Structures are given as structure tokens and as C-alpha cells.
Amino acid sequence: MSSQNEARGIGLVVLDMAGTTVRDDGLVEQAFSAAAEALGVAPGGDEHARMLEYVRTTMGESKITVFRALFGAEDRARKANEVFEESYASLVDGGRISPVPGAREAIEGWRAEGRKVALTTGFARVTQDAILDALGWRDLADLTLCPADAGRGRPYPDMVLTALLRTGTDDVRAVAVAGDTAYDMLSGVRSGAAIVAGVLTGAHDRAALTDAGATHVLDSVAALPAVVGRA
């Protein structure tokens, strides 16, 4: 007998952006270095190396939360975040991003099948919009969300659950989540999503994704339609 989820199928796919559907070739680290330098942490030093390793470990988390952990005082964290966002947006405007092959086609395919798609990010809204504009993706998905839209960023489940509510999806077991970081996986697991897929096109490796609860680990998001179609 089929399970309830198998009978119902996946109605909502929640996708991370940078590293999952969007290739940015290390722009996060470049923008972080600009932010750190603005706060007096010069590249090449031990402190910069320590902070950069933390940034790598926490890829997928809300960036303001990362900067609060690194710089402590709220005014310093907000200054770092402001410089980071400006630097990243400038790199995006310079044509330094591109779609992950197959990402657009997967999203268009799901929507043609009647499934909803949400694009999520740990960046602020202004940076998310810059990415969407650079790629011509403003109308590609049903919904785009950043941490401020949902209350908390990853690893909390807020963005996934906000996507569920805003798209009228009636059951968390009808949701698939995909991302390239352990924080994406934790967010999906905590939301109760049926599929929590890690992709190997971004920050974290197979072991990190699996340890964080991935139900599937895929070479890229281009392989996700086959998984969603079987659910």
C-alpha cells in the first residue's frame, strides 16, 4: 500500500540560491573579506583566517547572524553586514554569477506540473533581489524569501514553513527542500519536509550534508526532478 505522502506527492519545492541554483564562484568569501577589512581585520592574518573558516562552516546561515557571532557588538555586526551586502551586490552587478546548469529548467518543469517553487537565501532582501535581477529570475519562482521575510534564517525552519503557508501547501510532508549546506539540511529536517536533498555544487561535502540529515545527496539540483517525481 502506498504511504500518504506517496499518494499525495510533492506540492512545494523550496530551493536555496547561492551554491544550489546559482553559481557565485566564491563571491561570499570575497565579500566577507571586504567586510572584515572594513572592521580592521586584515586579510592574511590569523584572525582573518579564523573568521573565514567560521564563515565557511556556517554557509547557509543568515549573514547578519554570522556577523553577530564574529564581531559581537550589534553596531559592528551591522556595519560588517552592510559592507558585505554592498560588496556582494557589486560583484553580482559585475556579472560574476550564473545559473547552475539545469536549475531554471527544473523550476520551470515543476511549475508546469502544478507544483509551487520557492527560492530562499541567507542574504538580505536587497542582495537577493540583485541576484534575481542579474539572472532575469524575478518571475521564475512562485515565491522568494530571505530571513527577514520569515522571522529567522537557517538553520531554523522558518523560511520553509513560511513558503508552505504563503503557497497554501497543506502538509509539510508535501514539501521538498534542497540546498548545498548543512544549515539547509537542518532547516529542512526541522520543518518536517519529506525530501531534504543536499547538492554538491556549493559549500559543503557529502559527509557534512549527510550528517546534517540529508535524505538524498545529489550531484546538482538538475537531478532533483527525478527524486521529486518519485515522491
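By convention here, the first residue in the shown sequence is residue 1. Nothing here was measured: the structure is a model prediction, and the numbers come from that model.
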Run the side chain to side chain donor-acceptor pair (under 3.5 Å) check on D180 and T20 step by step: do they pass?
-> CA-CA 6 Å; D180 66 298; T20 302; 3.1 Å; yes
Residues passing the side-chain hydrogen bond (donor to acceptor under 3.5 Å, both in side chains) test with T121, sequence neighbours excluded, are none
Has [X] got a side-chain atom pairing as donor or acceptor with [Y]'s backbone, closer than 3.5 angstrom?
X    : Y    : value
D184 : T181 : yes
D142 : V117 : yes
R111 : K116 : no
R190 : P155 : yes
T167 : A163 : yes
T210 : A207 : no
S187 : Y156 : yes
T21  : A103 : no
H48  : E37  : no
H216 : A197 : no

Measure the [atom1]-[atom2] distance between [X] and [Y] for me, rounded to the nearest 0.5 Å.
X    : Y    : atom1 : atom2 : value
R154 : M159 : CZ    : CE    : 4.0 Å
R96  : D24  : CZ    : CG    : 9.0 Å
L119 : L132 : CG    : CG    : 6.5 Å

pair [X]-[Y]: side-chain heavy atoms closer than 4.5 Å:
X    : Y    : answer
L12  : R115 : no
T201 : R23  : no
D219 : V199 : no

Of T120, V14, L145, the one forming a side chain to side chain contact (heavy atoms under 4.5 Å, CB included) with T162 is L145
Near-ring test F32/F84, centroid separation under 6.0 angstrom: no
Notebook entry, point to check: Looking at D149 and R166, does any basic side-chain N land under 4.0 Å from a carboxylate oxygen?
Noted result: no
Between V177 and A193, the two heavy atoms sitting closest are CG2-CB, 3.8 Å
For V189 and A212 the tightest heavy-atom approach is CG2-O, 3.9 Å
- Return yes when atom CG of D75 has more than 12 non-hydrogen atoms of other residues, nucleotides or ligands closer than 6.0 Å, and no otherwise. yes
- F123 and Y88: ring pair (Phe, Tyr, Trp, His ring centres under 6.0 Å), yes or no, with the steps? CA-CA 10 Å; F123 297 136; Y88 193 95; 4.5 Å; yes
